[in-house]
Protein chains: 2
Amino acid sequence: MNIGAAAERANLPSKTIRYYEDIGLIKPGRADNGYRDYSDEDVHRLQFLQRSRSLGFTIEECRTLLSLYDDESRASADVKEIAREKIKKVDAKIAELQSLRSTLNVLVKNCHGDQRPDCPILDDLAGHKVGAAEPQSA
Amino acid sequence: MNIGAAAERANLPSKTIRYYEDIGLIKPGRADNGYRDYSDEDVHRLQFLQRSRSLGFTIEECRTLLSLYDDESRASADVKEIAREKIKKVDAKIAELQSLRSTLNVLVKNCHGDQRPDCPILDDLAGHKVGAAEPQSA
DNA sequence: ACTTGACCTTACATTGACTGGAAGCTTTAG
DNA sequence: CTAAAGCTTCCAGTCAATGTAAGGTCAAGT
């Protein structure tokens, strides 16, 4: 099947599929006219990539997961470890964003938000302490 | 003062400061030897940038914030609006990550994680439902 | 005077994961 | 026959820096 049909089945843009081929994640055959020709197995791999990318795995992690998927004798522990590491990273990112959110919230709460020029948000950005919530640099 | 000293005072790498100049966020003078020469006012702007970037504002948002900071007659409402929009974006990102986390957690919980090859995580990535938590595509 | 090393300069390449666009094939529908 | 859709490759751009290379300048020590 042509790239357009594969794209539709995998819910990925054709452009992205070509990119995945560029970086060696998938190697479809070619038809006589030079068009890429995707087998059901190829589409399956693309779906795997779509799902793992949407779960936040990086391309390199997806590469590893795919190779584990291809390896009939892999240990499930290896896969579980990758997923656990990913959860840790997601947790760290969430914590960082929550800290940012709390600082931004303090700034917004302290700003009267009217037509007058004096603004506690800009004062804080300029380095004048606003009286609550320490920076917690990201 | 030279870029190294400015970098230290603003807690930014010299490289980043040159980049900020490239994109027009700051315009230091030049000494006779061609070296950039930063005034206290320049350092102040760099500190403003360091702080606003660390709070998660994009470069373009920082540009706007700086111009508001320069504008003596700005309304604090304008600044407050930018900060509120940023909080919204941060909230959306947090929600997305929490959803990912929950899906990943279900997968990890379902994986026995031993030396056997069968793995619910890979099964899920391959499209076989694992029995809980719908995708919630990011 | 000479050398070493720290610091400065510019310019270009790379990152991650695509996305957009140009220029030119092939195929399909009318 | 023609127009549109779909395919091809290749190059550029995104964001916010960061890495590297090749070279100029300055201050200290011998």
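In what follows, every chain begins at residue 1, and chains take the letters A, B, ... in the order their sequences are listed.
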Please say whether more than 12 non-hydrogen atoms of neighbouring residues, nucleotides or ligands are located less than 6.0 Å from CD in Gln115(B).
no
Under 4.0 Å between a side-chain nitrogen and a carboxylate oxygen: does that hold for Glu21(A) and Lys15(A)?
no
Nearest-nucleotide pick for Lys15(B), side chain only, options being dA11(C), dC8(C), dC18(C):
dA11(C)
Gap between atoms CD and P, on Glu60(B) and dG13(D) respectively (whole Å)
17 Å
Looking only at side-chain N and O atoms, does Thr16(A) come under 4.0 Å of OP1 or OP2 in dT19(C)?
yes
Name the residue closer to the 5' end of DNA chain C, choosing between Asn33(A) and Tyr38(B) according to the nucleotide with the nearest heavy atom.
Tyr38(B)
Please determine if Asp40(B) and Arg45(B) form a salt bridge, counting it only when a charged side-chain N lies under 4.0 Å from a carboxylate O.
no
From C-beta outward on Tyr35(A), which listed nucleotide comes closest to its side chain: dT9(C), dG6(D), dT18(D)?
dG6(D)
Could you state the CZ-P distance from Arg30(A) to dC25(C), rounded to the nearest angstrom?
17 Å
Under-4.0 Å side-chain N/O to phosphate OP1/OP2 contact, Arg36(B) with dC8(C):
no
In whole Å, what is the span from the OH atom of Tyr19(B) to the C1' atom of dT18(D)?
11 Å
Taking Lys89(A) first and then Glu61(A), would you say they form a salt bridge - that is, a charged N and a carboxylate O separated by under 4.0 Å?
yes
Please work out if Arg18(A) contacts a base, only the sugar-phosphate, or nothing of the nucleic acid, heavy-atom cut-off 4.0 Å.
base
When the distance from CD1 of Ile17(B) to P of dT18(D) is rounded to whole Å, what number comes out?
11 Å
Taking atom P of dA5(D) as reference, at what distance in whole Å does atom CD1 of Ile3(A) sit?
19 Å
Consider the side chain of Tyr20(A), meaning its heavy atoms from C-beta on, and name the nucleotide among dC10(D), dC18(C), dT8(D) that approaches it most closely.
dC18(C)
Nucleotide dA17(D), atom C1' - distance to CD1 of Ile59(B) in whole Å
8 Å
Within this structure, what is the CD-to-P distance between Glu21(B) and dA16(D), rounded to whole angstrom?
18 Å
Salt bridge check, Lys86(B) against Asp91(B): does any charged N sit closer than 4.0 Å to a carboxylate O?
no
dT18(D) C1' sits how many Å from Ile23(B) CD1, rounded?
14 Å
Choosing from dT8(D), dA17(C), dC7(D), which nucleotide comes nearest the side chain of Asn2(A)?
dC7(D)
